[in-house]
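Worksheet for the structure shown next.
Naming convention: chains lettered A, B, ... in sequence-line order (proteins, then strands); numbering from 1 in each chain.
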Amino acid sequence: MNEFPGKEEKEERSLNFIEQIITEDIRSDKTGGRVHTRFPPEPNGYLHIGHAKAICLNYGLAEKFNGLYNLRFDDTNPLTEEVEYVDSIMEDVRWLGYDWEERLYYASDYFDVLYEWAEKLIKKEKAYVCDLSAEEISAQRGTPTRSGMESPYRNRNIDENLDLFSRMKEGEFKEGEKVLRAKIDMSSPNMHMRDPVMYRIIHAGHHRTGDKWCIYPTYDYAHGQSDSIEGITHSICTLEFEVHRPLYDWFIRELEIFPSRQIEFARLNLSYTIMSKRKLLQLVREGHVSGWNDPRMPTITGLRRRGYTPESIRYFADRIGVAKRNNVIDVALLEHSAREDLNKKAVRVMAVLNPLKLIITNYPENQSETVDAVINPEQQELGKRKVPFSREIFIEREDFMEDPPKKFFRLGPGREVRLKYAYIIKCEKVIKDSQGNITELHCTYDPLTRSGLPDANRKVKSTIHWISAPHAKEVEVRLFDRLFLKEDPDDAGEGRDFKSNLNPDSLKITKGYISTGIESLRPFDKFQFERIGYFCADPDSAPEKPVFNRTVTLRDAWARSTQNK
RNA sequence: UGUCCUGUGGUGUAAUUGGCAACACGUCUGACUCUGAAUCAGAAGAGUCCAGGUUCGACCCCUGGCAGGACAACCA
């Protein structure tokens, strides 16, 4: 899973900090040489590229150390979790190329054990039922710089606690009336150690356990224990859980269960991209995008529809590395990852997006022929396809300039250019309408320069793509740009939010013309429109009406040089 | 005026544990090219947050600062 075709298996790479920890743990025989990781999504939203980093990390680690990895849904909050999300998550993880085999778990699988363990803690006088309201608990917790106050219920006796806890479970109380709390230290400098809540009452059905429970464990009282139950050796999570680690360890110690080890890494941030589930949900709900799978979304499903391949995402995850410092990865690296993989895979096809009619005046009327076009120069074995050529063609408007600057190599009055796979032509005349807009070009061709002919190798300054006009089939093309105008979308002025930075031009729908190469089109088929970019067939495509999404443009030195002026 | 974490080219990650900063993306040249792509060759760009200290030698160890982040849901 770690080889990227084309990149000769690399020189030993140095270990990242997690691999170093694992290596050390193996050396000191902490786990009997065993490595077992897990990816623990909460099914309350769609997976995004940041999750992809975590998946590749967790599963990559297991593979690297010949270990195992689990998929575990962290479903302890029935209020926000839905099956729709668990289904999409499984689909996305599988699509990324990871198979958890039979090791699919849910935190809710452990509700019974968790309950027994809670009783155990009560018996050890390490947990108690507290009648304070959420507001009161919050008020008594203190602040990071001021210690908290102990709950008046903190010293209830064991039997009373046991009784109350079981009655909580039986549904005798209303939501918020009681909680079970760990009895630790209200003056700890770590807020999470100030008698954290372990169970709260929620009278709501759960997507898996139905109405069996009306008390649900909190993250802190479920996560580490789930890790432990599954024998997870290294529990990898993001930085914000760093302060939870003492609590994670506390529960494991008090419960005397398998000591999983929590390791935190910095989550992925991408420039011009928003990663918060809450904000992504907002974009969906408010209709700023068409859905979770809008190709402009950083979700896995969005990237997939955009034309990204699993390999390109894994390559990306591999390139960004893992560390503990906060980071912002340049989207250019993501785009590079797409090109890297697509260059090798995408079938080449000539498409014209902004057509300019060109008539070859010395080409016989009513004649046409076919020329051979390479399907993919990176995969010569795929051979060639026949492309129709005729007297009237379309070229890209941007490939002609009436008054070209010195560095412009393409077509201009009196200039010569090669039509890729066909002939060299010369522009003889520019036709305009009454407003002065260029409506067509009259050119002549040199029959001896047909590609493949012995005398065809005359040098011209550039080669452009084209489409035979009579053979042109119209297609829909969706051109995407970054969703946000600012590198940091959250950088909005006073009283504004990230939505004020939305790019109004992030989606442009236009038409394109293709003569051949897209017969038997299937959704998600990948193409390179030569000299333009990588495109992917959208599921919206119909046999008579293909729709293409632009994944990413080709690198374009000319465009870059003109932009810099 | 708490606790914890983190500071290395524009961005990200390294430096085999103390031996004089490397790789990738990006940028810029040039070669090649029937994709201004790809490929190939090369360049610029940091002296490692700051100040002391230990050492023959510090990105790495120590001390003190400074800066950024996390933590006060019955979210995860």
Item to complete: Give a yes/no on whether any side-chain N or O of Thr76(A) is located under 4.0 angstrom from OP1 or OP2 of A76(B).
Response: yes

Worksheet item: In whole angstroms, how far is the P atom of A38(B) from the NZ atom of Lys345(A)?
Response: 18 Å

Worksheet item: Does the side-chain ring of Tyr219(A) sit on the six-membered ring of the A76(B) base, less than 5.5 Å centre to centre and under 30° in tilt?
Response: no

Worksheet item: Can you tell me how far C1' in U3(B) sits from the matching atom in A72(B), rounded to whole Å?
Response: 12 Å

Response to the item:
Atom CZ of Arg245(A) and atom P of A70(B) are separated, to the nearest Å, by 17 Å

Item to complete: Can you run through RNA chain B from 5' to 3' and write each base as (, ), [, ], | or . depending on how it pairs? Watson-Crick or G-U wobble, both distances under 3.5 Å.
Response: .((((((..((((.....[..)))).(((((.......))))).....(((((..]....))))))))))).....

Practice prompt. Output yes when Arg261(A) and Asp227(A) qualify as a salt bridge under the 4.0 Å nitrogen-oxygen rule, no when they do not.
Written response: no

Item to complete: May I ask you to say whether Lys345(A) pairs ionically with Glu311(A), meaning some side-chain N is under 4.0 Å from a carboxylate O?
Response: yes

Worksheet item: Please give, in whole Å, the distance from C74(B) C1' to Gln140(A) CD?
Response: 15 Å

Worksheet item: Looking only at side-chain N and O atoms, does Arg267(A) come under 4.0 Å of OP1 or OP2 in U6(B)?
Response: no

Discussion item. Applying side-chain contact (heavy atoms from CB on, under 4.5 Å), can you list everything that pairs with Asp330(A), at least two apart in sequence or on another chain?
Written reply: Ser271(A), Ala332(A)

Worksheet entry | C1' spacing across the pair G65(B) / A24(B), given as an integer number of angstrom | 34 Å

Worksheet item: In whole angstroms, how far is the P atom of G36(B) from the CZ atom of Arg418(A)?
Response: 13 Å

Discussion item. In whole Å, measure the gap between the C1' atoms of C59(B) and U48(B) for me.
Written reply: 5 Å

Practice prompt. Can you establish whether the number of heavy atoms outside Met186(A) located under 6.0 Å from its atom CE is more than 12?
Written response: yes

Discussion item. Is the phosphate of A15(B) approached by Gln20(A) (side-chain N or O, under 4.0 Å from OP1 or OP2)?
Written reply: yes

Fill in: Criterion salt bridge (Lys or Arg N to Asp or Glu O under 4.0 Å) against Glu416(A), the qualifying member of Lys426(A), Arg458(A), Lys461(A), Arg410(A)
Arg458(A)

Worksheet item: Under 4.0 Å between a side-chain N or O of Arg200(A) and OP1 or OP2 of A76(B)?
Response: yes

Fill in: Whole-Å P distance, G64(B) and C20(B)
29 Å

Worksheet item: So, does the side chain of His244(A) form a donor-acceptor pair with the base of A76(B) at under 3.5 Å?
Response: yes

Worksheet item: So which one's nearest nucleotide on RNA chain B is more toward 5', Phe17(A) or Asn376(A)?
Response: Phe17(A)

Worksheet item: Could you state the CE-C1' distance from Met198(A) to A76(B), rounded to the nearest angstrom?
Response: 17 Å

Item to complete: May I ask you to evaluate whether Ser138(A) reaches the phosphate of C74(B), defined as a side-chain N or O under 4.0 Å from OP1 or OP2?
Response: no

Item to complete: In whole angstrom, give me the gap between the C1' atoms of C32(B) and A41(B).
Response: 11 Å

Worksheet item: Taking the six-membered ring where the residue is Trp, are the ring centres of Phe529(A) and Phe548(A) under 6.0 Å apart?
Response: yes

Worksheet item: Taking atom types as they are modelled, is there a donor-acceptor pair under 3.5 Å from the base of G36(B) to the side chain of Arg555(A)?
Response: no

Discussion item. Below 30° counts as parallel, above 60° as perpendicular, anything between as tilted: where do the rings of Phe111(A) and Trp213(A) land?
Written reply: perpendicular

Worksheet item: Ignoring hydrogens and angles, are the base of U27(B) and the side chain of Arg560(A) linked by a donor-acceptor pair under 3.5 Å?
Response: no

Item to complete: Check the distance between U11(B)'s P and Asn326(A)'s CG and give it to me in whole angstrom.
Response: 14 Å

Discussion item. U1(B), OP1 or OP2 - any side-chain N/O from Arg146(A) closer than 4.0 Å?
Written reply: no

Worksheet item: Please give, in whole Å, the distance from C23(B) C1' to Asn16(A) CG?
Response: 15 Å

Discussion item. Rounding to an integer number of angstrom, what distance separates G53(B) and G57(B) when you compare their P atoms?
Written reply: 12 Å

Worksheet item: Centres of the Trp558(A) and Phe409(A) rings: under 6.0 Å?
Response: no

Worksheet item: Say you pick atom P in C49(B) and the same atom in A21(B); how far apart are they, in whole Å?
Response: 16 Å

Practice prompt. Let me know the distance between CZ of Phe39(A) and C1' of A76(B), rounded to the nearest Å.
Written response: 12 Å

Discussion item. Within the supplied structure, the quantity of interest is the number of heavy atoms (other residues, nucleotides, ligands) at a distance under 6.0 Å from Arg267(A) CZ; does it exceed 12?
Written reply: no

